[in-house]
Undergrad: 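Pasting in a structure now, in C-alpha coordinates, and then I'll have a few things to ask.
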Amino acid sequence: MTKVLVATDKAFAPVAVKGIREVIENAGFELILLESYTSPEDFIKAITDVDAVIVRSDKMDKTVIEAAANLKIAVRAGAGYDNIDLAASTAKGIVVMNTPGQNSNAVAELALGLMVYYVRNFFNGKSGWELKDKKLGIHAYGAVGRNVARIAKGFGMDCYAFDPFIPREVIEKDGIKWVGSVEELYSKCNFISLHIPANSQTKQSVNYPLLSRMPSPSVLVNTARAEVINEADLLKMFQERKNFAYLSDVEPTNKSEIEAGFKARYFCTPKKMGAQTEEANINAGIAAARQIVNFIKNGDKTFQVNK
Ligand code: 3PG
(Lines give C-alpha, C1' and ligand atoms only; values in the text may rest on other atoms or scores of the structure.)
Protein backbone atom coordinates (compact mmCIF):
# COMPACT_ATOMS: atom_id res chain seq x y z
CA MET A 1 0.00 0.00 0.00
CA THR A 2 1.20 3.52 -0.82
CA LYS A 3 2.42 5.18 2.37
CA VAL A 4 2.12 8.93 2.89
CA LEU A 5 3.97 10.53 5.78
CA VAL A 6 2.87 13.86 7.24
CA ALA A 7 5.93 15.15 9.11
CA THR A 8 5.31 18.45 10.85
CA ASP A 9 7.39 19.63 13.76
CA LYS A 10 4.85 22.47 13.97
CA ALA A 11 1.60 20.51 13.80
CA PHE A 12 -1.33 21.38 11.55
CA ALA A 13 -4.67 22.11 13.25
CA PRO A 14 -6.53 18.82 13.96
CA VAL A 15 -9.28 19.78 11.48
CA ALA A 16 -6.65 20.02 8.72
CA VAL A 17 -5.16 16.63 9.65
CA LYS A 18 -8.68 15.15 9.45
CA GLY A 19 -9.05 16.57 5.92
CA ILE A 20 -5.63 15.32 4.83
CA ARG A 21 -6.44 11.87 6.22
CA GLU A 22 -9.70 11.76 4.26
CA VAL A 23 -7.97 12.59 0.98
CA ILE A 24 -5.19 10.05 1.56
CA GLU A 25 -7.42 7.22 2.80
CA ASN A 26 -10.11 7.80 0.15
CA ALA A 27 -7.37 7.24 -2.41
CA GLY A 28 -6.63 3.87 -0.77
CA PHE A 29 -3.32 5.08 0.70
CA GLU A 30 -2.03 4.82 4.27
CA LEU A 31 -1.38 7.96 6.32
CA ILE A 32 1.49 8.04 8.80
CA LEU A 33 1.49 11.02 11.14
CA LEU A 34 4.64 12.37 12.77
CA GLU A 35 3.73 15.56 14.60
CA SER A 36 5.65 17.83 16.96
CA TYR A 37 8.75 15.66 16.76
CA THR A 38 11.81 16.98 18.50
CA SER A 39 14.75 15.26 16.86
CA PRO A 40 15.72 14.93 13.17
CA GLU A 41 16.33 11.23 13.82
CA ASP A 42 12.60 10.71 14.35
CA PHE A 43 11.94 12.25 10.94
CA ILE A 44 14.67 10.16 9.32
CA LYS A 45 13.24 6.98 10.88
CA ALA A 46 9.71 7.78 9.73
CA ILE A 47 10.64 8.69 6.15
CA THR A 48 12.68 5.53 5.47
CA ASP A 49 9.97 3.46 3.78
CA VAL A 50 7.27 5.93 2.72
CA ASP A 51 6.32 6.75 -0.88
CA ALA A 52 5.31 10.34 -0.27
CA VAL A 53 5.77 13.02 2.34
CA ILE A 54 4.05 16.26 3.31
CA VAL A 55 6.17 18.75 5.25
CA ARG A 56 6.01 22.38 6.35
CA SER A 57 9.27 24.13 7.29
CA ASP A 58 10.69 20.75 8.30
CA LYS A 59 14.28 20.45 7.15
CA MET A 60 14.69 17.93 4.35
CA ASP A 61 18.44 18.00 3.88
CA LYS A 62 20.63 15.48 2.03
CA THR A 63 20.74 13.11 5.02
CA VAL A 64 16.94 12.97 5.24
CA ILE A 65 16.53 12.57 1.49
CA GLU A 66 19.13 9.83 1.25
CA ALA A 67 17.42 7.92 4.06
CA ALA A 68 14.14 7.97 2.12
CA ALA A 69 14.59 4.75 0.19
CA ASN A 70 11.12 4.64 -1.46
CA LEU A 71 10.28 8.33 -1.68
CA LYS A 72 8.77 9.47 -4.98
CA ILE A 73 7.26 12.80 -4.04
CA ALA A 74 7.72 15.46 -1.34
CA VAL A 75 5.18 18.26 -1.03
CA ARG A 76 5.91 21.36 0.99
CA ALA A 77 2.49 22.39 2.32
CA GLY A 78 3.22 26.07 1.88
CA ALA A 79 5.06 28.48 -0.35
CA GLY A 80 8.79 28.55 0.43
CA TYR A 81 10.72 25.36 -0.28
CA ASP A 82 14.16 26.54 0.86
CA ASN A 83 13.98 23.84 3.57
CA ILE A 84 14.24 21.07 0.95
CA ASP A 85 17.50 20.13 -0.76
CA LEU A 86 16.31 20.22 -4.37
CA ALA A 87 19.57 18.97 -5.88
CA ALA A 88 19.60 15.91 -3.62
CA SER A 89 15.91 15.27 -4.40
CA THR A 90 16.42 15.57 -8.16
CA ALA A 91 19.44 13.27 -7.98
CA LYS A 92 17.20 10.63 -6.41
CA GLY A 93 14.37 11.23 -8.89
CA ILE A 94 12.09 12.64 -6.21
CA VAL A 95 9.48 15.15 -7.38
CA VAL A 96 9.26 18.19 -5.08
CA MET A 97 6.19 20.44 -5.08
CA ASN A 98 4.85 23.35 -3.08
CA THR A 99 1.27 24.57 -2.69
CA PRO A 100 1.51 28.20 -3.80
CA GLY A 101 -1.01 30.71 -2.48
CA GLN A 102 -2.74 28.33 -0.07
CA ASN A 103 -1.58 30.00 3.15
CA SER A 104 -0.98 33.50 1.82
CA ASN A 105 -3.94 35.26 3.44
CA ALA A 106 -2.91 34.01 6.87
CA VAL A 107 0.65 35.34 6.44
CA ALA A 108 -0.64 38.67 5.13
CA GLU A 109 -3.02 39.09 8.07
CA LEU A 110 -0.12 38.51 10.45
CA ALA A 111 2.03 41.12 8.66
CA LEU A 112 -0.66 43.76 9.23
CA GLY A 113 -1.23 42.45 12.76
CA LEU A 114 2.45 43.01 13.57
CA MET A 115 2.20 46.58 12.25
CA VAL A 116 -0.86 47.36 14.37
CA TYR A 117 0.75 45.79 17.44
CA TYR A 118 3.83 47.97 17.04
CA VAL A 119 2.17 51.30 16.22
CA ARG A 120 -0.05 50.81 19.29
CA ASN A 121 3.03 50.37 21.51
CA PHE A 122 2.48 46.64 22.01
CA PHE A 123 -0.87 47.50 23.61
CA ASN A 124 0.80 49.02 26.70
CA GLY A 125 -1.77 51.77 27.19
CA LYS A 126 0.37 54.64 25.86
CA SER A 127 -0.81 56.72 22.92
CA GLY A 128 0.33 55.22 19.62
CA TRP A 129 -0.20 56.08 15.97
CA GLU A 130 -2.25 54.84 13.03
CA LEU A 131 -1.53 53.03 9.79
CA LYS A 132 -3.94 55.16 7.74
CA ASP A 133 -2.16 57.31 5.12
CA LYS A 134 1.25 55.82 5.98
CA LYS A 135 3.41 54.66 3.09
CA LEU A 136 3.78 50.89 2.83
CA GLY A 137 6.29 49.27 0.50
CA ILE A 138 5.45 45.70 -0.48
CA HIS A 139 8.72 43.98 -1.36
CA ALA A 140 7.63 41.28 -3.85
CA TYR A 141 4.13 40.99 -5.23
CA GLY A 142 3.43 37.27 -5.09
CA ALA A 143 0.46 35.67 -3.35
CA VAL A 144 1.32 37.05 0.09
CA GLY A 145 2.25 40.51 -1.24
CA ARG A 146 -1.11 40.77 -3.03
CA ASN A 147 -3.02 39.88 0.12
CA VAL A 148 -0.99 42.41 2.10
CA ALA A 149 -1.91 45.02 -0.53
CA ARG A 150 -5.62 44.18 -0.27
CA ILE A 151 -5.69 44.35 3.54
CA ALA A 152 -3.42 47.42 3.78
CA LYS A 153 -5.69 49.28 1.37
CA GLY A 154 -8.53 48.55 3.80
CA PHE A 155 -6.48 50.28 6.50
CA GLY A 156 -6.13 53.28 4.18
CA MET A 157 -2.38 52.84 3.75
CA ASP A 158 -0.64 54.39 0.76
CA CYS A 159 0.70 51.23 -0.93
CA TYR A 160 3.69 50.77 -3.23
CA ALA A 161 5.10 47.54 -4.61
CA PHE A 162 8.28 46.35 -6.26
CA ASP A 163 8.59 43.00 -8.01
CA PRO A 164 10.86 42.48 -11.03
CA PHE A 165 8.94 39.33 -12.00
CA ILE A 166 5.42 40.79 -12.01
CA PRO A 167 4.16 43.03 -14.83
CA ARG A 168 3.51 46.65 -13.87
CA GLU A 169 -0.15 46.37 -15.02
CA VAL A 170 -0.86 43.59 -12.51
CA ILE A 171 0.26 45.81 -9.63
CA GLU A 172 -1.48 48.91 -10.92
CA LYS A 173 -4.74 47.04 -11.59
CA ASP A 174 -4.90 46.38 -7.83
CA GLY A 175 -4.66 50.11 -7.14
CA ILE A 176 -1.09 49.81 -5.88
CA LYS A 177 1.67 52.21 -6.95
CA TRP A 178 4.29 50.40 -9.01
CA VAL A 179 7.95 51.26 -8.41
CA GLY A 180 10.71 50.25 -10.78
CA SER A 181 13.54 49.54 -8.37
CA VAL A 182 14.02 48.14 -4.90
CA GLU A 183 16.02 51.26 -3.95
CA GLU A 184 13.07 53.45 -4.86
CA LEU A 185 10.70 51.33 -2.78
CA TYR A 186 12.84 51.66 0.35
CA SER A 187 13.46 55.39 -0.29
CA LYS A 188 9.72 56.10 -0.42
CA CYS A 189 8.22 54.00 2.34
CA ASN A 190 8.12 54.21 6.14
CA PHE A 191 6.85 50.64 6.33
CA ILE A 192 8.38 47.80 4.31
CA SER A 193 6.80 44.34 4.29
CA LEU A 194 9.04 41.55 2.99
CA HIS A 195 7.63 38.82 0.78
CA ILE A 196 10.71 37.56 -1.05
CA PRO A 197 11.78 33.89 -0.96
CA ALA A 198 15.16 32.84 0.46
CA ASN A 199 17.44 31.89 -2.42
CA SER A 200 20.97 32.61 -3.62
CA GLN A 201 19.89 36.00 -5.02
CA THR A 202 17.94 37.20 -1.99
CA LYS A 203 19.95 35.91 0.98
CA GLN A 204 21.25 38.87 3.03
CA SER A 205 19.96 41.23 0.34
CA VAL A 206 18.05 43.41 2.81
CA ASN A 207 21.12 45.26 3.96
CA TYR A 208 22.28 48.64 5.26
CA PRO A 209 22.51 50.34 1.83
CA LEU A 210 18.86 49.49 1.30
CA LEU A 211 17.48 49.95 4.82
CA SER A 212 19.24 53.26 5.38
CA ARG A 213 17.22 54.70 2.47
CA MET A 214 14.01 54.39 4.45
CA PRO A 215 12.54 57.66 5.69
CA SER A 216 12.00 58.02 9.47
CA PRO A 217 10.23 56.51 11.24
CA SER A 218 11.05 53.22 9.54
CA VAL A 219 9.39 49.90 10.26
CA LEU A 220 10.61 46.69 8.65
CA VAL A 221 8.21 43.74 8.77
CA ASN A 222 9.55 40.28 8.00
CA THR A 223 7.05 37.45 7.62
CA ALA A 224 9.27 35.89 4.93
CA ARG A 225 12.62 34.38 5.92
CA ALA A 226 15.35 35.36 8.42
CA GLU A 227 18.04 34.62 5.82
CA VAL A 228 17.05 37.49 3.52
CA ILE A 229 18.22 39.99 6.15
CA ASN A 230 21.83 41.02 6.68
CA GLU A 231 21.71 40.79 10.47
CA ALA A 232 24.84 42.84 11.17
CA ASP A 233 23.29 45.63 9.10
CA LEU A 234 20.00 45.22 10.93
CA LEU A 235 21.81 45.82 14.21
CA LYS A 236 23.55 48.86 12.70
CA MET A 237 20.15 50.29 11.76
CA PHE A 238 18.93 49.87 15.34
CA GLN A 239 22.10 51.57 16.62
CA GLU A 240 22.03 54.48 14.18
CA ARG A 241 18.31 55.21 13.99
CA LYS A 242 16.30 56.07 17.07
CA ASN A 243 13.05 55.24 15.29
CA PHE A 244 13.85 52.12 13.31
CA ALA A 245 11.75 49.09 14.24
CA TYR A 246 11.89 45.45 13.21
CA LEU A 247 8.84 43.20 13.49
CA SER A 248 9.34 39.62 12.54
CA ASP A 249 7.82 36.17 12.33
CA VAL A 250 11.23 34.61 11.73
CA GLU A 251 13.76 34.86 14.53
CA PRO A 252 17.09 36.58 13.77
CA THR A 253 20.19 34.73 14.98
CA ASN A 254 21.31 37.92 16.79
CA LYS A 255 17.99 38.16 18.63
CA SER A 256 19.56 38.45 22.11
CA GLU A 257 21.71 41.43 21.05
CA ILE A 258 18.70 43.20 19.55
CA GLU A 259 16.52 42.46 22.56
CA ALA A 260 19.19 43.66 24.98
CA GLY A 261 19.51 47.06 23.34
CA PHE A 262 16.31 47.82 21.46
CA LYS A 263 13.41 46.00 23.08
CA ALA A 264 10.92 48.82 22.52
CA ARG A 265 11.44 48.68 18.74
CA TYR A 266 11.61 44.94 18.21
CA PHE A 267 9.11 42.13 18.26
CA CYS A 268 9.40 38.56 17.04
CA THR A 269 6.80 35.83 17.38
CA PRO A 270 8.11 33.06 19.67
CA LYS A 271 7.28 30.49 16.96
CA LYS A 272 6.75 31.16 13.24
CA MET A 273 3.03 31.90 13.19
CA GLY A 274 2.25 33.35 9.75
CA ALA A 275 0.64 30.27 8.26
CA GLN A 276 -0.58 28.90 11.56
CA THR A 277 -4.35 29.22 11.13
CA GLU A 278 -6.94 26.50 10.68
CA GLU A 279 -7.83 27.91 7.28
CA ALA A 280 -4.25 28.00 6.00
CA ASN A 281 -3.55 24.53 7.42
CA ILE A 282 -6.65 23.14 5.73
CA ASN A 283 -5.89 24.86 2.41
CA ALA A 284 -2.20 23.96 2.24
CA GLY A 285 -2.47 20.52 3.86
CA ILE A 286 -5.36 19.29 1.72
CA ALA A 287 -3.83 20.77 -1.45
CA ALA A 288 -0.63 18.85 -0.64
CA ALA A 289 -2.55 15.61 -0.08
CA ARG A 290 -4.47 16.04 -3.36
CA GLN A 291 -1.26 16.79 -5.26
CA ILE A 292 0.25 13.56 -3.94
CA VAL A 293 -2.80 11.49 -4.93
CA ASN A 294 -2.87 13.11 -8.37
CA PHE A 295 0.82 12.51 -8.91
CA ILE A 296 0.79 8.88 -7.79
CA LYS A 297 -2.44 7.98 -9.61
CA ASN A 298 -2.17 10.18 -12.72
CA GLY A 299 1.45 11.32 -12.92
CA ASP A 300 0.31 14.97 -12.54
CA LYS A 301 3.39 17.12 -11.88
CA THR A 302 1.70 20.52 -11.62
CA PHE A 303 3.49 22.61 -8.97
CA GLN A 304 6.75 20.68 -9.29
CA VAL A 305 9.60 22.99 -8.28
CA ASN A 306 12.64 20.84 -9.11
CA LYS A 307 12.22 20.59 -12.89
C1 3PG B 1 5.53 29.25 3.77
O2 3PG B 1 6.60 29.30 3.15
O3 3PG B 1 4.54 28.68 3.30
C4 3PG B 1 5.39 29.96 5.10
O5 3PG B 1 6.59 30.48 5.50
C6 3PG B 1 4.76 29.11 6.19
O7 3PG B 1 5.62 28.16 6.76
P8 3PG B 1 5.12 27.07 7.84
O9 3PG B 1 4.25 26.09 7.14
O10 3PG B 1 6.36 26.47 8.38
O11 3PG B 1 4.34 27.79 8.90
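Computed from a predicted model, the values in this text were never measured in an experiment. Start at 1 and go down the list; that is how both ligands and their atoms are numbered.
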Undergrad: Hey, which atoms in ligand 1 end up nearer than 4.0 Å to a heavy atom of S57?
TA: 7 (O), 8 (P), 10 (O)

Undergrad: Using distance alone, decide if ligand 1 has a nitrogen or oxygen within less than 3.5 Å of any nitrogen or oxygen in A224.
TA: no

Undergrad: Give the atom numbers and elements of ligand 1 that come within less than 4.0 Å of a heavy atom of K272.
TA: 4 (C), 5 (O), 6 (C), 7 (O), 8 (P), 10 (O)

Undergrad: Determine whether L194 and I229 satisfy the following criterion, side chain to side chain contact (heavy atoms under 4.5 Å, CB included), listing intermediate values before the conclusion.
TA: CA-CA 10 Å; L194 296 174; I229 305 274; 3.7 Å; yes

Undergrad: Which of the listed options, Q276, K10, R225, holds the heavy atom that is closest to atom 11 (O) of ligand 1?
TA: K10

Undergrad: Should you measure from each heavy atom of N103, which atoms of ligand 1 turn up under 4.0 Å away?
TA: 1 (C), 3 (O), 6 (C)

Undergrad: Give the numbers and elements of all ligand 1 atoms closer than 4.0 Å to a heavy atom of G80.
TA: 1 (C), 2 (O), 3 (O)

Undergrad: Does any N or O atom in V107 lie less than 3.5 angstrom from one in ligand 1, N or O only?
TA: no

Undergrad: For ligand 1, which atoms have a heavy atom of G78 less than 4.0 angstrom away?
TA: 3 (O)

Undergrad: First locate atom CG of N190, then atom CG of L220, and finally report the distance between them rounded to the nearest 0.5 Å.
TA: 12.5 Å

Undergrad: Run the side chain to side chain contact (heavy atoms under 4.5 Å, CB included) check on F43 and M60 step by step: do they pass?
TA: CA-CA 9 Å; F43 184 19; M60 282 191 67; 3.7 Å; yes

Undergrad: Using the ring pair (Phe, Tyr, Trp, His ring centres under 6.0 Å) rule, pick out the option among W129, Y186, Y160, F155 that qualifies with F191.
TA: W129

Undergrad: When you compare the side chains of T2 and D51, does any donor N or O come within less than 3.5 Å of an acceptor on the partner?
TA: no

Undergrad: Rounded to the nearest 0.5 Å, what separates atom CG in N207 from atom OG in S212?
TA: 8.0 Å

Undergrad: Between F123 and Y117, what is the ring plane arrangement, given parallel below 30°, perpendicular above 60°, and tilted in between?
TA: perpendicular

Undergrad: Against heavy atoms of A275, which atoms of ligand 1 measure under 4.0 Å?
TA: 6 (C), 11 (O)

Undergrad: Give a yes/no on ligand 1: does R76 have at least one heavy atom closer than 4.0 angstrom to it?
TA: yes

Undergrad: I'd like to know if the side chain of S57 pairs up with that of N83 as donor and acceptor (distance under 3.5 Å, no hydrogens or angles considered).
TA: no

Undergrad: Which of the atoms of ligand 1 are close to A79, meaning less than 4.0 Å from one of its heavy atoms?
TA: 1 (C), 2 (O), 3 (O)

